Amino acid sequence: MTGTLHRPHTLQPPPFAPLLGRMVLAGLVAGALAGIYSLLVTERAIAPALDLEETRAAAERGAHDHGGALFSRGEQLVGGFLGTLLAGVVLAVVFAAVYALVRHRLPGHTDLARVCLLAGIGFGIFALLPALKIPANPPAVGDPATVGTRTAVYGAVLLCGIVSAMLVAALVSFLRSRAVSTAATATVAVGTLAVLLGLVLGLLPGSPDPIAADVPADVVWDFRVASLGQLAVLWTTLGLAGGWLVD
Amino acid sequence: MTSLQHAQPSSAHTRIQVPAWAWALTLLAIFALYLVAQDNGVVLAQFGDTAHEFFHDARHSLGMPCH
Ligand SMILES: [Zn+2]
């Protein structure tokens, strides 16, 4: 055994089950923190939009009333927290599987560094990219008739983000196998990523919904900033807590 | 923290084997998220609508398209 200690590539990789368990624990923490953030910050940005919906519903009776029919606001606050918590756990399960697949290809000497890097990529694909192309909207903004189209655009943006990341990763592997210098590899990778993301943002259609005239711009933007902040809390905690637990 | 490395020596360069049950679990997790987040009563009919309404704020705040 003493000889193999100096040749790490001959050692066994860590087993999957403990990795999964620790990531799920991190997902619970991340989901809980993001859920608390949503109660403290995002819900405050949702409130004016709901007031607006109330006003509209009062103005035209019989119109589509989406908000308070099935659940009270209090119950929806609980649902918002639990939904975020659940999203954190689900994300952690998928994250653990993807991390197991790509760990040996990620740069970084510790699992903490690698988990944080993968979480950063995840935040880029699942938070930043959609925020640029089809940003989050509070209630009262969307047209219920276009939710199918918007969901398709959202899905396409995520898919394009995943494919872009895989293409850049394959390119980096190829350049490294050809012993291309780190600086040149980094330059080519960043350039390729910029072109790919430019194509994604330029070629994909945007949201078909105009923002209704009676919705003040700051209601929309407060909500978008709050939503992006919530996703940042989720991914940052998943990366730091997951990395710390796995390392 | 007890390290995975301490529990079992690990390599930076070999692939972690993902057992088949883990893939099944991953698919289940994605499906659960889909039900909560996107299913507008398509798969679960009435329950899908109920779940949608209950988790409604999470949908919006996590940036998913909604009404
Ligand atoms: Zn909605």
Side-chain angles (χ1 to χ4, degrees), chain A residues 5 8-16 18-20 38 42-43 46 66 69-71 75-77 79-84 86-87 89-90 93-94 96-97 100-101 103-104 109 111 127 130-131 134-139 142 144 147 150-151 153-154 223 226-228 230-231 244-247, chain B:
Chain A
L5 282 177
H9 59 277
T10 60
L11 297 178
Q12 290 292 308
F16 182 71
L19 169 71
L20 176 67
S38 88
T42 320
E43 290 292 353
I46 288 179
H66 189 86
L70 231 43
F71 292 100
E75 287 168 331
Q76 281 195 318
L77 292 183
F81 177 85
L82 288 180
T84 307
L86 195 70
V89 174
V90 165
V93 172
V94 179
L101 280 186
R103 175 181 179 267
H104 62 290
H109 294 294
D111 276 293
I134 180 159
N137 277 331
V147 70
R150 284 180 285 128
T151 304
V153 172
Y154 180 73
F223 175 79
S227 164
L228 197 59
Q230 185 172 334
L231 288 166
W244 181 69
L245 286 168
V246 169
D247 209 332
Chain B
M1 218 36 240
T2 16
S3 170
L4 283 183
Q5 270 89 348
H6 291 177
Q8 182 168 353
S10 69
S11 162
H13 300 289
T14 41
R15 181 181 286 232
I16 298 174
Q17 294 301 317
V18 182
W21 59 261
W23 288 119
L25 186 69
T26 305
L27 284 179
L28 191 74
I30 295 173
F31 185 62
L33 189 65
Y34 165 78
L35 288 184
V36 169
Q38 290 299 344
D39 188 58
N40 299 302
V42 176
V43 177
L44 289 181
Q46 187 52 50
F47 175 74
D49 275 349
T50 312
H52 173 160
E53 280 301 308
F54 184 62
F55 294 118
H56 182 253
D57 288 23
R59 277 174 68 124
H60 276 274
S61 62
L62 294 173
M64 296 165 186
C66 194
H67 75 292

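All of these numbers come straight from a predicted model, not from anything done at the bench. Residue numbers start from 1 in every chain, and the chains themselves are labelled A, B, ... in the order their sequence lines are given, proteins ahead of strands.
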Identify which part of Pro138(A) has an atom lying under 4.5 Å from any heavy atom of chain B, answering side chain, backbone, both or neither.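 Only the backbone of Pro138(A) comes within 4.5 Å of chain B.
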
Under 4.5 Å heavy-atom distance to chain B, tell me which part of Leu86(A) shows up: side chain, backbone, both or neither. side chain

Audit row: Leu20(A), Leu25(B), side chain to side chain contact (heavy atoms under 4.5 Å, CB included) steps and yes/no: CA-CA 11 Å; Leu20(A) 176 67; Leu25(B) 186 69; 3.7 Å; yes

Atom of [X], atom of [Y] and distance for their closest heavy-atom approach:
{"X": "Ser227(A)", "Y": "Gly63(B)", "value": "OG-N, 3.9 Å"}
{"X": "Leu101(A)", "Y": "Trp23(B)", "value": "CD1-CH2, 3.5 Å"}
{"X": "Ala100(A)", "Y": "Val18(B)", "value": "CB-CG2, 3.4 Å"}
{"X": "Gln76(A)", "Y": "Glu53(B)", "value": "NE2-O, 2.9 Å"}
{"X": "Met64(B)", "Y": "Tyr154(A)", "value": "CG-OH, 3.8 Å"}
{"X": "Ala58(B)", "Y": "Gly80(A)", "value": "CB-O, 3.6 Å"}

Relative to the ring of Phe223(A), is the ring of His60(B) parallel (under 30°), tilted (30 to 60°) or perpendicular (over 60°)? perpendicular

If you count heavy-atom pairs under 4.5 Å with chain B, which of Val153(A), Leu77(A), Leu228(A), Val94(A) comes out on top?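 Going by pairs under 4.5 Å, I would pick Val94(A).
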
Who among Pro139(A), Ala127(A), Gly83(A) has the most heavy-atom pairs with chain B under 4.5 Å? Pro139(A)

Gap between atom CG of Leu19(A) and atom CD1 of Ile16(B) - 0.5 Å precision: 5.5 Å

Please round to the nearest 0.5 Å and tell me the distance separating atom OG1 of Thr84(A) and atom CG of Leu62(B). 5.0 Å

